[in-house]
Protein chains: 4
Amino acid sequence: MSDDIAKAGDNLIAAERLRHIVARIERLEEEKKALGDDIKEVYAEAKGSGFDTKIIRQVIRLRKVEQADRQEQEALLDLYMQALGMA
Amino acid sequence: MSDDIAKAGDNLIAAERLRHIVARIERLEEEKKALGDDIKEVYAEAKGSGFDTKIIRQVIRLRKVEQADRQEQEALLDLYMQALGMA
Amino acid sequence: MSDDIAKAGDNLIAAERLRHIVARIERLEEEKKALGDDIKEVYAEAKGSGFDTKIIRQVIRLRKVEQADRQEQEALLDLYMQALGMA
Amino acid sequence: MSDDIAKAGDNLIAAERLRHIVARIERLEEEKKALGDDIKEVYAEAKGSGFDTKIIRQVIRLRKVEQADRQEQEALLDLYMQALGMA
DNA sequence: GATGCGCTTTAAATGC
DNA sequence: GCATTTAAAGCGCATC
């Protein structure tokens, strides 16, 4: 019997925690969406200034992969350094 | 001649503006990604506490469509009001 | 040598299957487009009868999200049932 | 007074027609969605057979514009024929 | 622990 | 030019 009471209490606590988790995620998603809107706005503004947003997107994509490449190269370098006992 | 100078100046200005636009977008995307990571972390934490993330995701999705529902109803009401010349 | 023959045969078969796939997709897309045209026609007809298509679109959108809502609720219930070992 | 009655009657009829229009559109959209699902299925099947769906999509897109080109050329030809009194 | 697969989200294209 | 529709990317999940 007291098991049931304990279980009911646990469920309440779990429900409360769930509520908290959901609230946190929703808050974060809201902020994330706001940033997405900001980005959209910048593109719209750029377009209004006569820029081709498609090309801007390409530029950004390109810079992203280049950055990834650089990081990869650095990671590889680190690995070599470690292998050579230089790090 | 002075046209060319003016054009060169414009290009410089355009390049500068482009640089600025790209920087702004990259900054915003960085923040956006950080929030995505935060969300992921909350899910991971919830999972670690024994919650079923699938249920949490479903709850959040449901709340989202309910909210959309409410907004759609209001939009529809507005339309009717306008159609009836009451807005 | 016979490997090459086999491979050539495979390529022929693959080409034939590809042709078949493309044909099927094109046929389906054609039908899909026809339906899209039908829908457009209904809207045009409604407009001709004095209806505001904007409102009709909104009504349909609303009914869609309400339906999605219902389905989400059922999905959530299922998840809960499963989580509670009742399904 | 009888104007009001007439108007109320009109509204009822309009509501009935609206219901009918919505039902027709929803039916058509349902069929359209079913075809979309069929197409997705064909792609999935193709993928299961080892084809690269991305390339298949390109093939289909290409064939579509080629077909459009052909139709355009034929239309142009018709025009010329008519202009020459040969059609 | 890695890989692949489907699904959700996000970007691009198109038509009104 | 904006909203809808369609293609692509990213992500979590399941499996091996």
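Residue numbering restarts at 1 for every chain, and letters A, B, ... go by the order of the sequence lines. The shown structure was predicted, so the numbers you read here are calculated from the model rather than taken from an experiment.
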- prompt: What residues, two or more places apart in sequence or in another chain, satisfy side-chain hydrogen bond (donor to acceptor under 3.5 Å, both in side chains) together with D:Glu31?
  reply: D:Arg27
task: With sequence neighbours excluded, tell me which residues meet side-chain hydrogen bond (donor to acceptor under 3.5 Å, both in side chains) with D:Asp37.
output: D:Lys33
Using atom types as modelled, flag every donor-acceptor pair under 3.5 Å from a side chain in residues 63-70 of chain D to any protein atom, sequence neighbours excluded.
from: D:Arg63; atom 1: NE; to: C:Glu26; atom 2: OE2; distance (Å): 2.7
from: D:Arg63; atom 1: NH2; to: C:Glu26; atom 2: OE1; distance (Å): 3.1

Side-chain donor-acceptor pairs under 3.5 Å in residues 73-87 of chain A, sequence neighbours left out?
none

- prompt: Does the pair A:Glu29/A:Lys32 count as a salt bridge with the N-to-O cut at 4.0 Å?
  reply: no
query: Could you give the CG-to-C1' distance, from D:Leu28 to F:dT4, as a whole number of Å?
result: 17 Å
query: Pairing of DNA chain F as dot-bracket, 5' to 3': ( ) intra-strand, [ ] crossing, | other strand, . unpaired, with Watson-Crick or G-U pairs under 3.5 Å?
result: ||||||||||||||||
message: From CD of B:Glu29 over to C1' of E:dT9, roughly how many Å is that when rounded to an integer?
response: 14 Å
query: Which residues within residues 38-69 of chain A lie with some heavy atom under 4.0 Å of an atom in DNA chain F?
result: none
- request: Sequence neighbours left out, what passes side-chain hydrogen bond (donor to acceptor under 3.5 Å, both in side chains) with B:Lys54? Give chain and number order.
  value: none
Quiz: residues 43-51 of chain B side-chain donor-acceptor pairs under 3.5 angstrom, not counting sequence neighbours:
from: B:Glu45; atom 1: OE2; to: A:Arg24; atom 2: NH2; distance (Å): 2.9
from: B:Ser49; atom 1: OG; to: A:Arg17; atom 2: NH2; distance (Å): 3.1
from: B:Ser49; atom 1: OG; to: B:Glu45; atom 2: O; distance (Å): 3.2

field: Between E:dT8 (P) and C:Gln71 (CD): distance, integer Å
entry: 12 Å
- request: Have a look at A:Lys32 and say if it touches a base, only the backbone sugar-phosphate, or nothing, with a 4.0 Å heavy-atom cut-off.
  value: sugar-phosphate
- prompt: Expressed in angstrom and rounded to an integer, what is the separation of B:Leu35 atom CG from E:dT10 atom P?
  reply: 12 Å
query: Who passes side chain to side chain contact (heavy atoms under 4.5 Å, CB included) against C:Arg61, sequence neighbours left out?
result: B:Glu72, C:Arg57, C:Gln58
